[in-house]
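Here the structure is a predicted model, which is why all the values come from computation and not from measurement.
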Amino acid sequence: MILTTTEHFPGREYEILGLVKGSTIQTVNAIRDIGAGLKTLVGGELTKYNEMMNDARALATKRMIQEAEDLEADAVIGMRYASSSIMQSAAEVMAYGTAIRFI
């Protein structure tokens with residue numbers, strides 16, 4: 001599956017199949033959340049939250065690709081990520097774009 005952030009796929013003719021998306025809501029466990037809270041006192045990178053967000057993006061992307069494959073798409077153009085806080089220590093990540101099939 002080809003994924004691109006561009007709005008068009010140059011040099012190829014294609015038909016638009018529609019919007020595809022994938023999402024997940026992730027959180028870290030309570031003990032790690034307490035550790036991250038303490039880390040804010042001294043500053044620095046919150047590596048467990050980085051790992052959580054990387055895992056969330058990967059899962060959301062995988063689910064978006066599955067939706068595109070179900071439509072027999074060849075690529076997803078205009079691919080984007082969005083995230084939002086659901087509750088303290090939990091975030092939703094969504095991957096979305098336009099599924100296309102080459103002619």
Side-chain angles (χ1 to χ4, degrees):
M1 179 70 54
I2 300 169
L3 304 177
T4 180
T5 59
T6 60
E7 298 298 322
H8 303 284
F9 201 95
R12 299 285 301 264
E13 297 225 3
Y14 55 86
E15 62 179 316
I16 294 174
L17 302 176
L19 174 71
V20 289
K21 74 236 171 287
S23 68
T24 184
I25 298 173
Q26 298 279 319
T27 187
V28 295
N29 69 42
I31 293 170
R32 288 189 175 152
D33 191 40
I34 292 168
L38 295 173
K39 180 76 169 181
T40 62
L41 296 174
V42 296
E45 184 175 17
L46 300 174
T47 56
K48 293 303 175 189
Y49 283 98
N50 280 344
E51 290 172 14
M52 177 192 75
M53 294 303 288
N54 284 335
D55 292 345
R57 279 188 293 273
L59 183 55
T61 302
K62 179 181 175 182
R63 290 176 176 172
M64 179 195 65
I65 290 170
Q66 184 60 57
E67 234 183 68
E69 287 174 345
D70 291 347
L71 295 175
E72 299 180 359
D74 296 312
V76 176
I77 59 173
M79 196 257 171
R80 302 284 188 270
Y81 290 107
S83 65
S84 62
S85 177
I86 300 300
M87 56 185 272
Q88 185 173 347
S89 305
E92 177 187 31
V93 173
M94 178 175 281
Y96 62 96
T98 303
I100 62 169
R101 183 181 307 130
F102 297 124
I103 298 173

Inter-residue atom distance Ile86.CD1 - Thr27.OG1, 0.5 Å rounding: 11.0 Å
Yes or no on side chain to side chain contact (heavy atoms under 4.5 Å, CB included) for Gln26 and Leu59, after CA distance, side-chain angles and deciding distance? CA-CA 10 Å; Gln26 298 279 319; Leu59 183 55; 3.9 Å; yes
pair Val93-Met53: side-chain heavy atoms closer than 4.5 Å: yes
Taking atom OG1 of Thr98 and atom CG of Leu19, what is their separation to the nearest 0.5 Å? 6.5 Å
If Ile, Leu, Val, Met, Phe, Trp and Tyr residues are connected whenever their side-chain heavy atoms lie under 4.5 Å apart, and connections chain through other members, are Phe102 and Val20 in the same group? no
I need the Arg57 CZ to Met64 CE distance, nearest 0.5 Å. 13.5 Å
Could you walk me through whether Phe9 and Asp74 pass the side chain to side chain contact (heavy atoms under 4.5 Å, CB included) check? CA-CA 11 Å; Phe9 201 95; Asp74 296 312; over 6 Å; no
Measure the OG-CD1 distance between Ser85 and Ile25 for me, rounded to the nearest 0.5 Å. 10.5 Å
Residue pair Ile77, His8: steps toward the side chain to side chain contact (heavy atoms under 4.5 Å, CB included) verdict: CA-CA 7 Å; Ile77 59 173; His8 303 284; 5.6 Å; no
Does one side chain, of Ser23 or Tyr96, offer a donor that lies under 3.5 Å from an acceptor on the other? no
Counting N and O atoms only, with roles assigned by atom type, does the side chain of Arg63 sit under 3.5 Å from a partner on the main chain of Lys21, one being a donor and the other an acceptor? no
Between Arg101 and Glu72 (side chain of the first, backbone of the second, donor and acceptor by atom type, cut-off under 3.5 Å), is there such a pair? yes
In terms of hydrophobic clusters joined by side-chain contacts under 4.5 Å, are Leu71 and Tyr14 together? no
Please check if Val76 and Met94 belong to a single hydrophobic cluster, counting links between Ile, Leu, Val, Met, Phe, Trp and Tyr side chain heavy atoms closer than 4.5 Å. no
About how many Å separate CD1 of Ile2 and CE of Met79, when rounded to the nearest 0.5 Å? 14.0 Å
Are Leu3 and Ile65 packed together at the side-chain level, in the sense that at least one heavy-atom pair is separated by less than 4.5 angstrom? yes
